[in-house]
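Order of the sequence lines fixes the chain letters, A, B, ..., with proteins taken first and strands second; residue numbering starts at 1 for each chain.
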2 protein chains.
Amino acid sequence: MPLREAKKAAVRQALVSAANRRFHSQGFEQTTIDEICADAGVSRRTFFRYFENKEALAFPHRSERLERFLALLDGVGRSPNPVDGLRAICATFAHEYSANRVSILAQQRLVDSVPALAAREHEIDRDWETAMAATFHRRFGRGAASERRARLMAGAAIGVIRATMRYWYEKDGKPDLARLGQEALDGLEQGFLSEH
Amino acid sequence: MPLREAKKAAVRQALVSAANRRFHSQGFEQTTIDEICADAGVSRRTFFRYFENKEALAFPHRSERLERFLALLDGVGRSPNPVDGLRAICATFAHEYSANRVSILAQQRLVDSVPALAAREHEIDRDWETAMAATFHRRFGRGAASERRARLMAGAAIGVIRATMRYWYEKDGKPDLARLGQEALDGLEQGFLSEH
DNA sequence: CACAAAGTGCCACTGAGTGCCAGTTTTGGC
DNA sequence: GCCAAAACTGGCACTCAGTGGCACTTTGTG
């Protein structure tokens, strides 16, 4: 990695770490950007060259995860049943989330405690939903009806995934996330009428 | 209506109207709260006694609609199939939205053009989802499994509803919203496997 | 080494949002 | 109608997020 890039990564990491320490000890609103900059040894002006705003600090993996998701979605287009594709992706992410359980839970508690962050979090879901809809649409073929079906399905999918994540967070990440995910997708596939 | 209440309603309305005029002519970020206050003949300090922040101006019916939704949800608890309850509610709101099509579309274009507003909009969905989950849970009875099923279902429901609204907005509110809603709920109920 | 490009720091500025307090308006009891 | 309490408003001073501009330093390239 070129020196310049390495330095940037270091600064970014310093800002994220400093912010996390402050956020968790003082809370989000009580932490000023000045404090974070001081801790990270960087000017305020520079901060805004790394992050659009204070909120973005709470989602440091946003774009990285989206990219990974997009890459995985490529594989979904080819599977006969798109929900099966989601199952595979779900398993991958469940594995990652379980492995980083502690830090992810801490992050989530922060987000849940600040309305502005909770709102921003949905922007991420929106990105994922759009990506899914596009994939399903390609899979379903041309036509207005199939586009609408793709979008409904993507909306429902993100809905159950988000509900599942919230459930998992609420239970302190104790349940088997991969299993929760599979069950959620079963519901999505078969409708929510049957008792099991 | 007591005098005091009437005056408050008038001020609130004046602020909303002034804001809408400015937002639509200058854009959201380009409009300052000072301008809105000047138009409405009210001090800046008073503005913040009516709205939490500038964003809240873009969702003037938020709490009113939620309350109406909660009232309608009461009826759902009793229907044998909760999705049928949603169908009824859906029809009610579809009617209102279609009747106010023009202003609702204008409002929505504003929201879609400002990321911060789009983010806030999801807070509303979250309120609705929570309410639905509670209702379904009551309907499904005690137990962890039925709670999770209720939450998954609520998540999926809000997902398809939001997707449907976006579709309707995109088509300039031309399609029959009531029908779109019913079709979306069909998908929710039967799963998204079948071609129709 | 020289030079362009990328990155940084500093300063001044706008605008959102809050705490405080003094002044005004409405309400309800008499 | 009168008066005190309660509700509402305006103005001021303040903190902090976020931006534009410019001079300075560091890195990559020939």
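Between the P atom of D:dC16 and the CZ atom of A:R45 lies a distance of 19 Å, rounded to the nearest Å. Atom pair A:E5:CD and D:dT26:P shows a separation of 20 Å (rounding to whole Å applied). Rounded to an integer number of Å, the gap from B:F51 CZ to C:dA16 P is 15 Å. Rounded to a whole Å, the CG atom of A:N53 is 14 Å from the C1' atom of D:dC16. We find that NZ of A:K54 is positioned 16 Å from P of D:dT15, with the value rounded to whole Å. Atom CZ of A:R120 and atom P of D:dA17 are 15 Å apart (whole Å). To the nearest angstrom, P of C:dG9 lies 13 Å from CG of A:D34. Across the protein-nucleic acid pair, B:R4 atom CZ and D:dA7 atom P stand 8 Å apart, rounded to whole Å.
Mapping B:R49 and A:T46 onto DNA chain C by nearest heavy atom places A:T46 closer to the 5' end of the strand. Closest-nucleotide positions on DNA chain D for A:F48 and B:K8 were compared, and the one nearer the 5' end corresponds to B:K8. Residue B:R44 is the one, among B:K7 and B:R44, whose nearest nucleotide of DNA chain C lies closer to the 5' end (criterion: closest heavy atom).
Residue contacts for B:Y50: at a heavy-atom cut-off of 4.0 Å it reaches the sugar-phosphate backbone alone, with no base atom in range. Counting any heavy atom pair closer than 4.0 Å across all strands shown, B:F47 reaches no nucleic acid atom.
Looking only at atom types and distance, the side chain of A:Q13 has a donor-acceptor partner in the side chain of A:S17 under 3.5 Å away.
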Might you work through the salt bridge (Lys or Arg N to Asp or Glu O under 4.0 Å) test for B:E5 and B:K8, ending with a clear yes or no? CA-CA 5 Å; B:E5 234 175 288; B:K8 282 184 77 167; over 6 Å; no
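Both cation-pi conditions hold for A:R148 and B:Y167: the charged atom is under 6.0 angstrom from the six-membered ring centre and inside a 45 degree cone around its axis.
With values rounded to the nearest 0.5 angstrom, A:W168 atom CH2 is found 5.5 Å from A:L177 atom CG.
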